[in-house]
Number of protein chains: 2
Amino acid sequence: MSKQRSDCPISCSLDIFGDKWSLLIIRDVMLRGKCSYSEFLKSEEKIATNILSSRLALLEAAQILSKETAPDNRSKFIYRLTQKGADLLPIIVELMDWGARYHDHCPRRELGKKIKKNKAAVIDEYMQRLKEQIRS
Amino acid sequence: MSKQRSDCPISCSLDIFGDKWSLLIIRDVMLRGKCSYSEFLKSEEKIATNILSSRLALLEAAQILSKETAPDNRSKFIYRLTQKGADLLPIIVELMDWGARYHDHCPRRELGKKIKKNKAAVIDEYMQRLKEQIRS
DNA sequence: ACTTGGTACTTGCAAAATGCAAGCGCAAAG
DNA sequence: CTTTGCGCTTGCATTTTGCAAGTACCAAGT
């Protein structure tokens, strides 16, 4: 953890993941079932390898992601959400809802429509699902 | 608006306010009743003048904030939330909740406690209040 | 044993963003 | 007609980002 600018909880949150990339990695783990370096690289936003590497290290240090070696391949690592990381779900959902509402070219797909219909239910449903995947 | 990295609504949102400062300005307007350049400068996170200036311009361009000259002083400007800006409230609330939950040194004050008790009610209450201040 | 491919990075360098201090232009007040 | 307040802009150093290339390790094929 670097420095925190104040003791405001909003500011503290932004100190950790207030950038253009961290929450996209979280999105990939949370909603797209991605869990490895190479999978993150394939996302359409095209994150650079060094940025990905540094963000994964930061998210791990912040205990938002956990890292373990794959059981079948010792040179592969698996990233998973911790409880702290899973609790970012409402933020991700709100970001999606706002983005979809104000960008015509961001069509709501299945999840987006469910959020529009009943946001709280979607959060409950996904939180339940994430619970099973949580690592310390 | 610069470029957007993909048509994912989360990514689109981050393209606009995915940095360490934009949402702190929104917080100041939304929760602290601030509405001028000099008031934003006084916040404890100590934003630099040039950064503040560029962020205000970006938020205005994104139609999240509106800018008008003060009725009593032609050299003063008043920044207010638009509907699009006010709709960021749930994101701000979730950022506050997560930050307070995971940082011991970020004590929940009045609002933080109300959020913990009944998040949806807080959002409703504040959204109602913001409605009266909205500008196009 | 030796090559090929997959995975996860690191490194070097250029470009962009941030942070800091100082200065500027205008309007209102004294 | 000077001073104060407000909202910036500018110049410059530092930091972060982005891009391309290279490295290291493991595993599987031949």
Side-chain angles (χ1 to χ4, degrees), chain A residues 1-6 11 14-26 28-29 32-62 65-80 135, chain B residues 1-6 11 14-26 28-29 32-62 65-80 135:
Chain A
M1 232 179 307
S2 46
K3 56 178 173 286
Q4 65 178 34
R5 294 170 291 173
S6 77
S11 166
L14 294 174
D15 285 339
I16 296 176
F17 53 77
D19 66 80
K20 294 211 185 306
W21 293 111
S22 299
L23 288 175
L24 288 186
I25 297 171
I26 301 299
D28 283 352
V29 181
R32 303 186 176 179
K34 299 191 177 189
C35 58
S36 73
Y37 184 92
S38 52
E39 285 177 310
F40 300 139
L41 273 188
K42 285 176 196 145
S43 289
E44 52 185 346
E45 291 87 5
K46 297 291 166 236
I47 188 170
T49 56
N50 53 347
I51 309 290
L52 175 56
S53 184
S54 81
R55 285 305 179 284
L56 287 172
L58 282 170
L59 291 171
E60 195 195 351
L65 294 180
S66 78
K67 181 182 186 177
E68 55 191 83
T69 62
D72 57 322
N73 185 332
R74 277 192 298 153
S75 76
K76 181 171 184 176
F77 298 100
I78 293 181
Y79 293 91
R80 290 185 205 284
R135 291 293 185 283
Chain B
M1 236 179 302
S2 47
K3 55 178 174 287
Q4 68 179 35
R5 293 170 293 174
S6 78
S11 166
L14 294 174
D15 284 338
I16 296 176
F17 53 77
D19 66 79
K20 294 213 186 305
W21 293 110
S22 299
L23 288 175
L24 287 187
I25 297 171
I26 302 299
D28 283 352
V29 181
R32 302 186 177 179
K34 299 190 178 190
C35 58
S36 73
Y37 185 92
S38 51
E39 285 177 309
F40 300 140
L41 273 188
K42 286 177 196 146
S43 289
E44 52 185 346
E45 291 87 6
K46 297 287 165 237
I47 188 170
T49 58
N50 54 346
I51 308 291
L52 174 57
S53 184
S54 81
R55 284 305 179 285
L56 287 172
L58 283 170
L59 291 170
E60 195 195 350
L65 294 179
S66 78
K67 180 182 184 177
E68 54 189 83
T69 60
D72 57 321
N73 185 332
R74 277 192 298 154
S75 74
K76 182 172 184 175
F77 298 101
I78 293 182
Y79 294 90
R80 290 187 206 281
R135 290 294 184 285

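Below, each value reflects all heavy atoms present in this structure, side chains not excepted, and no hydrogens, waters or symmetry copies. Chain identifiers are assigned alphabetically (A, B, ...) following the order of the sequence lines, protein sequences preceding nucleic acid strands; residue numbering begins at 1 within each chain. Model, not experiment: these values are computed from the prediction.
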J.: In Å and rounded to the nearest 0.5 Å, what is the OG to CZ distance from Ser66(A) to Arg80(A)?
T.: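 Reported to 0.5 Å precision, the distance equals 7.0 Å.
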
J.: Can you list the residues that meet the side-chain contact (heavy atoms from CB on, under 4.5 Å) rule with Glu39(A), with sequence neighbours excluded?
T.: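 side-chain contact (heavy atoms from CB on, under 4.5 Å) list for Glu39(A), sorted by chain: Lys34(A), Cys35(A), Ser36(A).
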
J.: Round to a whole Å and report the spacing from CG of Leu52(B) to P of dT10(D).
T.: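 Those two atoms, CG and P, are 16 Å apart.
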
J.: Quick one, give me the B/S/- string for nucleotides 3-8 of chain C, reading 5' to 3', where B means a protein heavy atom under 4.0 Å from the base and S means that only happens at the primed atoms, P, OP1 or OP2.
T.: ---BSB

J.: Measuring from Ile25(A):CD1 to Leu65(A):CG, what's the distance to the nearest 0.5 Å?
T.: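 It comes to 7.5 Å.
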
J.: If I take atom CG from residue Asp28(B) and atom NZ from residue Lys42(B), how far apart are they, to the nearest 0.5 angstrom?
T.: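 It comes to 11.5 Å.
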
J.: Just how far, in rounded Å, is C1' of dG7(D) from CD of Glu68(B)?
T.: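 For the pair Glu68(B) CD and dG7(D) C1', the rounded distance is 16 Å.
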
J.: Specify the residue among Thr49(A) and Leu56(B) whose closest nucleotide of DNA chain D lies further upstream toward the 5′ end.
T.: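 The 5'-side residue here is Leu56(B).
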
J.: Looking only at side-chain N and O atoms, does Arg74(A) come under 4.0 Å of OP1 or OP2 in dC25(D)?
T.: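 The answer is no; no side-chain N or O of Arg74(A) sits under 4.0 Å from OP1 or OP2.
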
J.: List every contact pair, protein side and nucleotides 15-18 of chain D side both N or O, where the distance is under 3.5 Å.
T.:
residue : atom : partner  : partner atom : Å
dT17(D) : OP1  : Arg55(A) : NH2          : 2.7
dT17(D) : OP2  : Arg55(A) : NH2          : 3.1
dG18(D) : OP2  : Trp21(A) : NE1          : 2.7
dG18(D) : N7   : Asn50(A) : ND2          : 3.4

J.: Provide, to the nearest angstrom, the distance between the CG atom belonging to Leu58(B) and the C1' atom belonging to dC8(D).
T.: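 Distance, rounded to whole Å: 15 Å.
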
J.: Once you round to the nearest 0.5 Å, how far does CZ of Arg135(B) lie from CD1 of Ile78(B)?
T.: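 Rounded to the nearest 0.5 Å, the CZ-CD1 separation comes out at 8.5 Å.
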
J.: Restricting to side-chain contact (heavy atoms from CB on, under 4.5 Å), what partner residues turn up for Asn73(A), sequence neighbours left out?
T.: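 Only Ser75(A), Lys76(A) meet the side-chain contact (heavy atoms from CB on, under 4.5 Å) criterion with Asn73(A).
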
J.: With sequence neighbours left out, write down each residue that passes side-chain contact (heavy atoms from CB on, under 4.5 Å) with Thr49(B), or none if nothing qualifies.
T.: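 Result, side-chain contact (heavy atoms from CB on, under 4.5 Å) vs Thr49(B): Tyr37(B), Leu41(B).
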
J.: Side-chain donor or acceptor of Ser53(A) under 3.5 Å from a matching atom on the base of dT10(C)?
T.: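 Answer is no: no donor-acceptor pair is held.
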
J.: Phe17(A): which residues meet the ring-ring contact (aromatic ring centres under 6.0 Å, His included) condition with it, sequence neighbours left out?
T.: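 Per chain and number, Phe17(A) pairs via ring-ring contact (aromatic ring centres under 6.0 Å, His included) with Trp98(B).
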
J.: In whole angstroms, how far is the P atom of dG7(D) from the CG atom of Leu59(B)?
T.: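 Going from CG in Leu59(B) over to P in dG7(D) covers 16 Å.
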
J.: How long is the line joining CG of Asp72(B) and C1' of dC26(C), in whole Å?
T.: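 Those two atoms, CG and C1', are 16 Å apart.
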
J.: Determine, for Arg5(A) against Asp15(A), whether the closest basic-nitrogen to carboxylate-oxygen distance falls under 4.0 angstrom.
T.: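 The answer is yes: the pair qualifies as a salt bridge.
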
